[in-house]
Amino acid sequence: MDLLRLATAGSVDDGKSTLIGRLLYDTKSVFTDQIESVERASRDRGDDYVNLALLTDGLRAEREQGITIDVAYRYFATPRRKFIVADTPGHIQYTRNMVTGASTADLALILVDARKGLLEQSRRHAFLATLLHVPHLVLCVNKMDLVGYAEDVFERIRAEFTEFAAKLDIGDLTVIPVSALIGDNIVTRSAAMSWYEGPSLLHHLENVHVASDRNLIDVRFPVQYVIRPQSDKYRDYRGYAGQVAGGVLRAGDEVMVLPSGFSTTIASIETADGPVEEAFPMMSVTIRLTDEIDVSRGDMICRVHNTPAVTQDVDAMVCWMDDVPMRPGQRFAIKHTTRSARAMVKDLQYRLDVNSLHRDLAADHLGLNDIGRVRLRTTQPLLCDEYKRNRYTGGFVLIDESTNRTVGAGMVNEAR
C-alpha cells in the first residue's frame, strides 16, 4: 500500500491539531478508550465540545496552553493509502520543530484561520516548506463556519496566498475551505459550501500522486553496513546494506563505488523477504557485488557516468536550531547520509528574512531559528547532490561535539 508523509503548518491557533484529530476520528483510526479519555479531558477543561486537538497535543504544557510545542507523529490508513502525519508547532520560537517535521514530508498542509487571513507565520511556514522542497502544498482555509461559509472570504485568502506563492518554488498547490471542528470538507464534501467544487481534504490526500516525486534517475546507494556472517552456511558472503536514496538498481548493472572510484557490477539484490530483481527509493536492501573491492560504511554506490559531487567545500542553506549562535570559524561534526566527518564554518554569506525574503549580507551570525547561506569545509569528502535534486543526498545535520546536540539542519545549494 502506498505511503504519504504529510506535515501540518501554519500560525498559532489556526487549528492544525484539531484538523489532524478530525482526520483520525472520521477515519475511525482512534480507539474507543482514547475517545473516552479526550471526552473526559475536554470536560475537565470546561470545553462544551469534544476537543479533538487533544488526540495529538500529548504534553501537559500543550494541553494547559492549548498549543503544540513538540512535533507529534500520528499514523492512520484508509483502503487506498497509509499516512504518517507530523503535527508541527505554529509558534515562531518552535520553527526548528517545524523544519524537523517537514524535512521528510511529501505534502505540507498550511492552515489559515478564515477570520484572520494570511499571517506572518503562515507565510513563514509556506516558505520553509518550499525551502525544504516539499513537493505538494495544500492550503486549508480553516474555521469557515465562523465566517458563515462565505465564498468571498475564501476567494480573498486564496488570491492573496496565490500571489505570495508566485514568489516561491511551489510545484503543486491546492486550496480547500474546511472546518476542522465541525468536519466540513475534511473526509466528505460539505453541504454548507455548495459553491466549492473541489475534492474533500481526505480525497485529495488519498489521490495526490507522489511516486514521481522521487528521483528515479540518479542512482544513489549510501552503504550503511557491511554484512559478513562468518558462518559455515555463508562462508564467503559479503553484502552491503542500506537504503536506496535515488535511482533504480538491478542485478547486472555496472556501478561505481565512491570515493574509491572502482567499478564493478551488481551480482544480486536481496531483502529480508528474499532476492528481488530491482530496488528503488526508499527500499532497504543488501547489494552483493561481482568483484571483491573495498567498500565500507559511508561509501556510496552509483552509476559510472552519473556520480554525485565528491567535495570538501559545500555551500548550503542552514536552519540554526541552537540557543548558542553560529559564527564563522566554528567547528562541528557533520552527518551526511551514512557518512560522518567534521566541518568548519568558513563563511556566512547572508541571513535570510523568511517574512520579506530579504538577504542580510551584513549578518555575522545565525541565531536560534535563523536561516542563512553558509560555506563549509569538511575534513573528509562528502558525496552529495544539490538538495533540490535529491533531498536525501543533499541534506545534512550539524552536531555540537561537546554536547552531542543537533544544532543545525542543512540543505546543499552547491558542491564545488
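None of the values given here were measured: they were computed from a predicted structure.
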Is R189 reaching over with its side chain to a backbone N or O of G198, donor-acceptor style, under 3.5 angstrom? yes
I want to check something: taking the side chain as every heavy atom from C-beta on, are I84 and Y73 in contact at a cut-off of under 4.5 Å? yes
Please check if any side-chain donor atom of S402 sits under 3.5 Å from a side-chain acceptor atom of D400, or the reverse.
-> yes
Tell me whether the rings of F154 and Y196 are parallel (<30°), tilted (30 to 60°) or perpendicular (>60°).
perpendicular
Is any NZ, NE, NH1 or NH2 atom of the basic residue among D315 and R373 found under 4.0 Å from an Asp or Glu carboxylate oxygen of the other? yes
*asked:* Tell me whether D313 is salt-bridged to K346, with the criterion being a basic N under 4.0 Å from an acidic carboxylate O.
replied: yes
Do R389 and D218 meet the salt-bridge criterion of a basic N to acidic O distance under 4.0 Å? yes
d(Y240 OH, T286 OG1) to nearest 0.5 Å is 11.5 Å
**Report entry** Salt-bridge criterion met for R342 and E401 (N-O under 4.0 Å)
**Finding:** yes
Original post:
Are R22 and D26 ion-paired here, with the side-chain N under 4.0 Å from a carboxylate O?
Top reply: yes
Rounded to the nearest 0.5 angstrom, the SG-CD1 distance for C140 and I176 is 5.5 Å
Nearest heavy-atom approach of K335 to S340 is CD-OG, 3.4 Å
Practice item. Please confirm whether W195 and Y149 have ring centers closer than 6.0 angstrom. Key: no
The residue among T337, T338, L258, T393 that forms side-chain contact (heavy atoms from CB on, under 4.5 Å) with L383 is L258
Subject >> Presence of salt bridge, D253 and R303, under 4.0 angstrom >> reply: yes
Requested in this report: Ignoring hydrogens and angles, tell me if any N or O in the side chain of S103 forms a donor-acceptor pair with the backbone of T100 under 3.5 Å.
Outcome: yes
message: Under 4.0 Å between a side-chain nitrogen and a carboxylate oxygen: does that hold for R158 and E151?
response: no
Determine, for R5 against D106, whether the closest basic-nitrogen to carboxylate-oxygen distance falls under 4.0 angstrom. no
For N413 and A316, the nearest pair of non-hydrogen atoms, with its separation, is OD1-C, 3.5 Å
Discussion item. Using a 3.5 Å distance criterion without hydrogens, assess whether the side chain of N185 forms a donor-acceptor pair with backbone atoms of P177.
Written reply: yes
For this session: Take atom CZ of R359 as the centre, draw a 6.0 Å sphere, and report whether it contains more than 12 heavy atoms from other residues, nucleotides or ligands.
Result: no
Subject >> Step-by-step side-chain hydrogen bond (donor to acceptor under 3.5 Å, both in side chains) determination, D370 to H365 >> reply: CA-CA 9 Å; D370 281 344; H365 72 279; 5.1 Å; no
- Charged N to carboxylate O below 4.0 Å: is that the case for E206 and R81? no
Residues D172 and H209: side-chain donor-acceptor under 3.5 angstrom
no
For A165 and L173 the tightest heavy-atom approach is CB-CD2, 4.2 Å
Going through the distances and angles, do R220 and N215 end up as a side-chain hydrogen bond (donor to acceptor under 3.5 Å, both in side chains)?
CA-CA 9 Å; R220 302 289 185 265; N215 188 329; over 6 Å; no
